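For reference, the structure discussed in these notes is given below.
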Amino acid sequence: MPLPVRTGGTRRRFLLALSALAASPLLRAAELLRFDGLYKSNTVLGLQFAERTLALKGETVRLRGYMAPPLKPESNFFVLTREPVAICPFCSSDAEWPVDIVVIYASKTVIPTSFSERIEVEGKLEVGSYTDPVTGFVSQLRIRDAVFHRIT
Amino acid sequence: MRPTLIAAAVLALSVSLPAAAQTIYPLNRAEILAGSRFDLKVEFPGLVDAAKVRLTLNGKDYTSVLGQRAEMIPDETGKGESNLILRDVSLNKAGQYVVEATDGSNTQKVTWNVYATPAKARAKNVILFIGDGFSIGHRTAARILSKGIEDGKYKSKLAMDDMDAMALLTTQGTDSIITDSANAASAYTTGHKTCVNALGVYCSRAKGSLEHPKVETLTEIAKRQGLAVGVVTNSEIEDATPASMVAHTRKRSDYNDIVKMFHDSRIDVMMGGGSPNFLPKSTPGSKRSDEDNYIEKFQSSGYAFATTKAEMNAAASNAKTTRLLGLYNTGNIDGALDLKFLKKGSVSKFPEQPDVVEEMNAAIKILSRNKKGFVLMVESSRIDKYSHSMDAERAIYDTIMLDNAVRAAKDWSKANGNDTLIMVTADHSHGVNVVGTVDDEQPGDEMRNKIGLYEAAGFPNYPAPDADGYPDKVDVSKRLRLVFANTPDFYETYRPYMDGENVPAVKNADGAIVANEKYKSVPGAIFVTGNLPNKGSRAANQGVHTGDDVILTATGPGADKVRGQMENSDLFRVIADALALGKPAAAKK
């Protein structure tokens with residue numbers, strides 16, 4: 001809908017511009033997703049994305065979880081898990097990833113935090129199967145151009 | 001003294017061999033079942049002239065003995081090393097075979113013992129129980145909780161104690177005194193020793209994990225004789241112990257390949273967790289890297305498919321079911337304490353999981369439809385997993401579950417001809433010990449000073465066990481104190497983990513393993529400095545396997561071969577003898 005710009009002073013135009021900005025996704029706080037809500041169902045035959053997850057495809061979202069020990073150093077890639085992962089699953093043959101992990105592609109090289117501290121990640125949600133070209137890691141959900149911080 | 005001189009001469013000979021003599025697989029002193037198939041590989045220390053290479057068995061050229069020509073792999077490693085390989089050979093005639101390989105200048109020889117088995121089977125069926133990581137401490141703890149003590153004696157016996165024969169099994173492998181579940185189980189299912197992480201192969205210098213020299217699995221051999229074969233577990237079905245029934249890989253983590261090997265093996269019954277490696281990559285939750293749908297593949301190969309206990313029982317009750325794939329969890333099936341009492345772990349997500357006893361009963365129902373008999377591996381896998389996570393109560397409850405399965409199998413055998421060889425063992429040990437009790441009623445706040453030792457330990461006050469041998473409460477005021485000898489840094493709480501499995505230690509940002517702060521605030525918890533590596537590639541964030549021997553008990557036809565101290569690989573021969581598996585291999589696949 002075109003903005004109802006009428007002739008008037010600059011002040012009015014400035015206010016209109018402000019309200020337009022406020023309505024844009026850039027200024028709105030990104031939606032906080034929960035690991036519990038990412039999938040509608042989790043069965044032996046696979047996961048089903050929740051409607052909200054599908055609806056937020058391509059949008060900026062936030063998600064809280066734990067950084068798993070990175071698969072390789074000097075990378076912008078890491079795995080976010082619901083609970084702390086005690087082990088690097090690629091380093092120990094006994095370990096396996098939980099099924100509901102989310103892969104994070106950070107906007108710059110990741111400096112690992114403590115793996116037992118909860119972090120919040122914010123970035124663009126990507127939905128659907130994808131194989132990381134470097135590690136071969138297959139993921140169903142990713143957050144790209146991500147930034148993250150520790151939750152205190 | 002002559003024997004000493006001979007020993008010294010042998011020693012001198014072995015140390016004077018060139019450091020880089022060729023390696024021959026199967027290794028020296030291999031015990032090979034007559035008629036079983038294996039790959040013969042010779043690795044030369046450098047590039048060799050194929051024209052000068054000679055390979056003989058008992059002095060005869062290999063082609064006349066093995067009936068096929070070797071393939072030379074000129075430079076497998078890229079380091080300038082030649083190899084010779086023969087795939088799928090077999091030796092039908094029992095006896096000693098001296099295998100000699102020369103490249104014209106270096107010669108190496110190994111001796112194999114090829115053994116036959118009686119012509120007629122003594123047992124119709126074999127059920128092999130493996131308590132993963134199941135050690136003497138677990139056994140004693142399970143006996144205390146599920147049987148109880150009166151007047152200084154146990155009120156009754158564990159089913160797995162009440163057996164005809166017993167032996168100590170040694171568990172070391174070709175690379176180490178400490179084994180993992182892969183090479184340990186592989187020794188049981190192939191009769192050959194191998195190295196950590198390997199299944200159904202010798203650990204050669206091949207690069208690809210699937211290219212190492214193979215030895216045949218119990219499934220392949222028994223299926224060829226017309227027996228039905230099954231494996232049930234509460235781990236992921238791709239995990240090392242169940243995988244040992246079918247797999248040939250240097251790397252137990254090759255889950256996707258292992259699913260294919262299960263399918264190719266035509267094993268009749270397989271049940272456990274680990275469904276994601278059966279789902280095509282595009283299905284959310286899949287862990288495959290391709291679009292193969294193994295659930296569909298199994299179904300189109302004639303398998304019934306179950307995802308819940310009810311579906312499993314329905315399939316087993318249908319007289320037409322002869323093949324079943326059961327997958328009841330995306331990860332491991334929950335252990336007995338969570339499944340039956342605490343409802344933690346993934347029980348809320350997967351409320352319809354069967355336990356190991358129920359899986360086994362269904363498997364026997366299906367496999368026993370084969371008139372020629374069956375071989376079944378039954379694994380209680382989480383004794384090990386909960387010992388890694390230092391969760392004593394969960395490990396003990398899964399030991400009781402193992403015993404319940406043994407009792408059910410013995411009862412079934414008794415009612416069905418008494419011609420089933422039943423064996424119960426572990427694949428390796430953990431450092432677990434019963435040291436006494438913890439009594440909350442003792443004065444003071446320091447939990448450590450509430451530990452009762454010697455006569456102060458007395459007896460724990462768990463409620464009387466239910467019909468399945470489980471006390472329905474673990475957080476009693478006077479508890480068993482089962483400790484773990486080898487640990488990372490952790491917080492000792494002296495209590496059962498009522499909210500879910502223990503996670504003793506985690507990695508910090510510097511990559512060091514540190515105690516999990518989650519337990520710091522538990523009343524009375526104390527920090528315990530670990531005694532395992534905490535930095536670098538050897539760092540351990542949990543309890544680890546130990547090299548102590550494990551116990552094997554056996555009953556039924558063929559159990560008399562179980563005695564004294566045995567190599568773990570000897571267990572395979574007990575099965576082969578009981579089922580008379582040493583028959584010449586028919587035409588090759």
Side-chain angles (χ1 to χ4, degrees), chain A residues 36 38-50 53-54 66-70 73 78 81-102 110-119 127-133 135-141 150, chain B residues 180-182 196-197 236 238-240 251-253 255 273-289 291 295 306-308 326-332 346 349-350 384-385 388-389 488 500 503-511 513-514 516-518 537 539-542:
Chain A
D36 278 336
L38 294 177
Y39 295 96
K40 184 159 62 181
S41 68
N42 175 6
T43 72
V44 164
L45 293 174
L47 302 159
Q48 274 191 304
F49 294 118
T53 305
L54 292 169
Y66 297 86
M67 179 188 288
F78 69 93
T81 59
R82 179 199 298 253
E83 297 291 336
V85 177
I87 344 168
C88 159
F90 275 57
C91 312
S92 161
S93 52
D94 258 333
E96 268 291 311
W97 290 101
V99 286
D100 60 357
I101 53 104
V102 176
V110 171
I111 299 156
T113 67
S114 170
F115 306 119
S116 56
E117 277 170 356
R118 208 149 171 248
I119 59 171
V127 180
S129 182
Y130 175 76
T131 308
D132 181 73
T135 60
F137 196 89
V138 178
S139 59
Q140 297 299 332
L141 287 172
R150 211 172 80 189
Chain B
D180 80 322
S181 292
V196 169
N197 290 333
E236 294 165 315
E238 307 88 347
D239 207 347
K251 234 172 68 206
R252 57 184 279 179
S253 55
Y255 271 24
S275 62
N277 296 88
F278 288 73
L279 306 173
K281 178 174 146 182
S282 55
T283 300
S286 163
K287 288 182 181 174
R288 288 200 71 81
S289 47
E291 285 299 333
I295 289 172
T307 63
T308 63
L327 297 171
Y328 308 112
N329 197 308
T330 50
N332 298 310
S346 62
K349 251 189 267 170
F350 300 101
D384 172 67
K385 298 187 192 303
H388 278 298
S389 63
V503 180
V506 293
K507 228 183 215 182
N508 72 7
D510 301 325
I513 302 295
V514 295
N516 190 348
E517 296 283 318
K518 183 178 163 185
S537 63
N541 65 347
Q542 52 183 350

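On a predicted model such as this, the values are computed, not experimentally measured, just so you know. All chains are named by letter (A, B, ...) in the order of the sequence lines, taking the proteins before the strands, and each is independently numbered beginning at 1.
The closest side-chain donor-acceptor pair between B:Lys281 and A:Thr131 falls under 3.5 angstrom.
We find the CD1-NZ distance between A:Ile101 and B:Lys287 to be 8.5 Å, quoted to the nearest 0.5 Å. Taking OG1 from B:Thr283 and CG from A:Leu47, the interatomic distance works out to 9.5 Å, rounded to the nearest 0.5 Å.
For the pair A:Ser129 and B:Ser282, the tightest heavy-atom approach, listed with the atom from each and the gap, is CB-CA, 4.1 Å.
Interface residue B:Leu327: backbone and side-chain heavy atoms are both found under 4.5 Å from chain A. If you measure heavy-atom distances from A:Ser139 to chain B, you find no contacts under 4.5 Å at all. Neither the backbone nor the side chain of B:Phe278 has a heavy atom closer than 4.5 Å to any heavy atom of chain A. Of the two parts of A:Leu45, the backbone and the side chain both hold a non-hydrogen atom closer than 4.5 Å to a non-hydrogen atom of chain B. With a 4.5 angstrom heavy-atom cutoff, A:Phe49 touches chain B only via side-chain atoms.
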inquiry  = What verdict does the side-chain contact (heavy atoms from CB on, under 4.5 Å) test give for A:Asn42 and B:Phe350, after you've listed the backbone C-alpha separation in whole Å, the side-chain angles of each residue and the deciding distance to 0.1 Å?
reply    = CA-CA 9 Å; A:Asn42 175 6; B:Phe350 300 101; 4.1 Å; yes
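Residues satisfying the salt bridge (Lys or Arg N to Asp or Glu O under 4.0 Å) criterion with A:Lys40, sequence neighbours excluded, are A:Glu51. Considering only residues two or more places apart in sequence or on other chains, B:Glu517 meets the salt bridge (Lys or Arg N to Asp or Glu O under 4.0 Å) condition with B:Lys520.
Between the side chain of B:Ser275 and the backbone N or O of A:Val44, at least one donor-acceptor pair lies under 3.5 Å.
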